[in-house]
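Order of listing sets the numbers, starting from 1, for every ligand and every atom in it. What's counted below: heavy atoms across the whole structure, side chains too, no hydrogens, waters or symmetry copies.
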Amino acid sequence: MIGIVIVSHSRKLSDGLKEIADAMSGAPVPIASAGGIDDSENPLGTDGIRILDAIREVMSDEGVLIFADLGSARLNAEMALDLLEPEEQTMVRFCDAPIVEGVLAATVQIAAGGSMQEAMKEARQSVQLEADEEQPASEPSNTLSRSFTIRTLLGLHARPAALLVRKMNAFAGDIRIANTTKGRKAANAKSINGVMLSEVTANDTISISTGPEQAEAVFAAVEELVKDNFGEEGMAPPKAEPASVPEQKQASTPTGTITQGELSGLSIARGFAIGPIHHVGGALQSAEPVAIEDTGAEIERFVKALSEAENQINLAISNAGDSINADDRKIFDAHISCLRDPDLISAVKARISSEGICAEAVWREEIIRLSGIYSALDDRLLRERAGDITDVGRRVLTILYGGQSDDGQVTEPAIFAYEELRPSDILSLDHGAVLGICTMLGGETSHAAILASALGIPVVFALGADLAGVPEGQRALLDGSDARIIIDPDEKTIARAEQERKILKDRLARAEEVRHLPAEMLDGHKVRAAANMASISELEGITDSGADEVGLLRTEFLYMQRDAAPGEEEQYDIYRSIVTGLAGRPLTIRTADIGGDKPVPYLERPTEDNPNLGWRGIRYSLAMPDFFKTQLAAILRASAHGPVRIMFPLVSTLEEVMAGKAMVRDVMELLRTRDQSFDTHLEIGLMIEVPAAADLASRLAREVDFFSIGTNDLTQYMLATDRANPNVRSLYDPLHPAVLHMIAKVIRAAHDEGKWVGMCGALAGDTDVLPLLAGLGLDEFSMPPSGIAEFKLALCQLQLQDCQMLAETVLQLDTASRVREQLSLFSERQQAQS
Ligand code: PEP
Ligand code: MG
């Protein structure tokens, strides 16, 4: 069988890639990993002798295919080739495909019995679907099709895709796969690239087509794979679309010039801007490969450009002063690390000397390759890092071309439109010239989004390719609150926006004044304004927000985006850093609420038909004592450094509360034997999210120090309405009288037992509902930190007695819409009085 040799600067990468390829192939394709060098101080590099050994290890009459990650790896592999016997040399081929996709594609092809040529073709096409589409396998005449819904958690990612390809290769005739959910063209189902680049994700429907003579057998084979969930562990629940993320649009296909109408996208920052559109920069500048004679001088020019780029970044950071925080700085540290990346630099240098072409062309290609690798990753956060790579690439190219970019220069203030916003675009912004920002592409978790949301101007991402069709200088209204841009707005629309802008501006200015004041009503009644938190990176934002405390730390996010659960020390370090950073503000740590809509793939859990009614929250923790104790030990140890509370999620029985508390006592004992300190009096509370717990509140209140009402789940369970199911969104209403009755009952029950009650579901941050919740007697309101100042502003205009009367009235109402009417009436009266 054809052998594969993986030559990478990193041994971890080549070993890991071999591991995936072995798992995908299903047949024993000989693969040898030849990564890294034997130098523990400096292990990155390639070693000709190791490569030679690897080639020999997998050599057979059918030959060997070599994949190398960077230019110098290829050079060393060529050296190794020189050491082979001449007849052996003729058996070895290099494949210029991207190393990860290429190795996986070639492995699957070889396992399916492909020739050297076929394996190389598959590998080369591994990142270009078009190449396959240009030469489609002849469309079978008289085809029959059948649809299948894919339920594997990650869709047809590498392993299931390889399984499908292997099965399909057992049939003689042509078989096509089309992702009908995403409207993709049919691709060759026998090609790993055809399948993977169809981008089948969980719950997508695929259509399999083939000739009638084999159709039933092919469909049965696919059916069997689907039934067996492709041998994968987790199964996605039937379609549950994230509410706020519109589908990413392709930036490359604008429909034409747009001088009127409206485009909508993702809101990154609220507010309104009216002005001319100014299109800024965009992708990497082009760079023709120009032949160079003095490659040494060219390398020197390249190295100088890198250090100039680093100087520019440092200068921009120091000019930005306090307008960027520590987290933002880390983004630019990452850019600097990219500029210093030894692999990237040595690859560019090696190619300049071996190919004799200019630095611009080589650098551009290497940047495109690197950002392509990021863009292809499954992980959304990592994928969004591709923008950072391109950003660094653009900066260096501009320097190599001997100039500064004039992208940001305009004659009058404008709405800046980008294909995709890069962090450095924001640093180099002329704040006087930019009224608002909009983009064709971009995700809400990208670094650029994080930075842009702090600019204090409206920002809307992901408006789609049509944005490119809006002419330069075209007047438009950018509405950050409604996530849209209105092109050529009429006077009425402008007047309305102006009015809303003024209201928002006044409100924010007034909110700023009360941000750091106590959360207090007109009559002096105090409540606590708390922040919800999911990661330590939010710490600075929380201390700046004016929050009195953290009412909810969603610890399950610590367990996500990784391969194994964090251990006690790691968790302790994180909790302790948060406690210390909060400088005396209490921290409510909710034990992991894993399960439901928050799966953690590496934790072995059975597939559940109704995960929201299944093994989540405290149910899971109690069943996994080691897992639970590890977390409790870390929380308790953190409590030695400042005020900490423990909170249990998704409680539905008294026994669960007793068992949770017993577990805390056990862990306290354990810490005593270890001589580790903790707060022996820390408060223990529970989330009220399940109607059973709400009903039992009087009894449960005797066992704990506090409750926090999770209205997101309480609404879902009270109304039997999946909080993520768009088909029942109109039914999902926390102002349903039944939910409000439950909230009122829980608050009363806790107060009767002398316990306090918070709320950390989304309802707590809704200022329209604040008078009602205050009237019901809620003690702590926990919300996203960005809402704290406006919450305090709304609160300080209220009288407790008015709110109590409102609550009494509302509790008599029988529909959510009547509740809403009553709330608006109250707010109108309030405004009339003020
Ligand atoms: C809730 O259910 O209201 C809550 C705060 O918990 P989560 O949103 O994390 O489920
Ligand atoms: Mg919840």
Side-chain angles (χ1 to χ4, degrees), residues 237 240 242-244 528-535 538 542 547 549-561 587-600 608 610-621 631 645-652 656-657 660 685-694 697 700 706-725 729 732-736 738-740 742-743 746-747 750 757-766 769-770 773 776 778-788 791:
S244 58
R528 286 163 11 228
N532 289 348
M533 183 175 191
S535 133
E538 295 163 23
I542 286 173
E549 54 190 60
V550 168
L552 167 67
L553 172 64
R554 289 181 160 104
T555 59
E556 53 278 9
F557 289 99
L558 297 182
Y559 295 78
M560 293 178 186
Q561 308 287 352
L587 168 66
T588 311
I589 305 183
R590 178 173 79 180
T591 59
D593 181 14
I594 283 163
D597 60 347
K598 292 177 273 199
V600 174
E608 295 178 298
N610 291 305
N612 274 325
L613 302 182
W615 205 26
R616 61 171 286 201
I618 194 166
R619 305 169 184 185
Y620 180 76
S621 295
Q631 183 172 36
R645 307 176 186 126
I646 294 181
M647 180 158 78
F648 300 133
L650 212 87
V651 166
S652 47
E656 284 167 342
V657 180
L686 55 91
M687 298 271 302
I688 300 282
E689 309 178 271
V690 178
L700 298 179
F706 68 94
F707 289 153
S708 182
I709 306 175
T711 47
N712 306 339
D713 276 318
L714 185 61
T715 307
Q716 147 164 286
Y717 296 127
M718 282 291 298
L719 306 180
T721 307
D722 183 340
R723 66 197 246 190
N725 183 341
R729 194 166 289 147
Y732 180 88
D733 194 340
L735 293 185
H736 187 296
V739 180
L740 297 180
M742 275 298 177
I743 293 173
V746 169
I747 296 173
V757 187
M759 179 178 287
C760 56
L763 198 66
D766 186 336
V769 189
L770 160 60
L773 297 175
L776 290 173
L778 196 67
D779 304 292
E780 181 219 49
F781 294 69
S782 196
M783 65 197 80
S786 55
I788 300 268
F791 168 82

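In this structure R554 satisfies the side chain to side chain donor-acceptor pair (under 3.5 Å) test with no other residue, sequence neighbours excluded. For D779, there are no salt bridge (charged side-chain N to carboxylate O under 4.0 Å, His left out) partners, not counting sequence neighbours. With sequence neighbours excluded, no residue forms a side chain to side chain donor-acceptor pair (under 3.5 Å) with Y732.
The option with the heavy atom closest to atom 2 (O) of ligand 1, from among D713, I688, N532, is D713.
No part of Q716 comes within 4.0 Å of ligand 1, judged by heavy-atom distances.
Between A762 and N712, the shortest heavy-atom contact is N-OD1, 2.8 Å. Taking all atoms of both residues into account, the shortest heavy-atom contact from M687 to L650 is CB-N, 4.3 Å.
Distances under 2.8 Å from the Mg ion (ligand 2) pick out the protein N/O/S atoms E689 OE2, D713 OD2.
The protein non-hydrogen atom at the shortest distance from atom 6 (O) of ligand 1 is R590 NH1, 3.0 Å.
Below 4.0 Å from some heavy atom of M687 lie the following atoms of ligand 1, by number and element: 4 (C), 5 (C), 6 (O). For ligand 1, the atoms sitting less than 4.0 Å from at least one non-hydrogen atom of E689 are 1 (C), 2 (O), 4 (C), 6 (O), numbered in the order shown with element in parentheses. Heavy-atom proximity to G710, at under 4.0 Å, picks out these atoms of ligand 1: 1 (C), 2 (O), 3 (O). For ligand 1, the atoms lying closer than 4.0 Å to a non-hydrogen atom of C760 are 5 (C).
At a threshold of 4.5 Å between non-hydrogen side-chain atoms, the residues L763 and I743 count as touching.
Rounded to the nearest 0.5 Å, atoms CE (M647) and CZ (F707) are 12.5 Å apart.
Side-chain contact of Q631 with T555: a donor-acceptor pair under 3.5 Å is present, judged by distance alone.
A donor-acceptor distance shorter than 3.5 angstrom exists from the side chain of E608 to the backbone of W615, with no hydrogens or angles considered.
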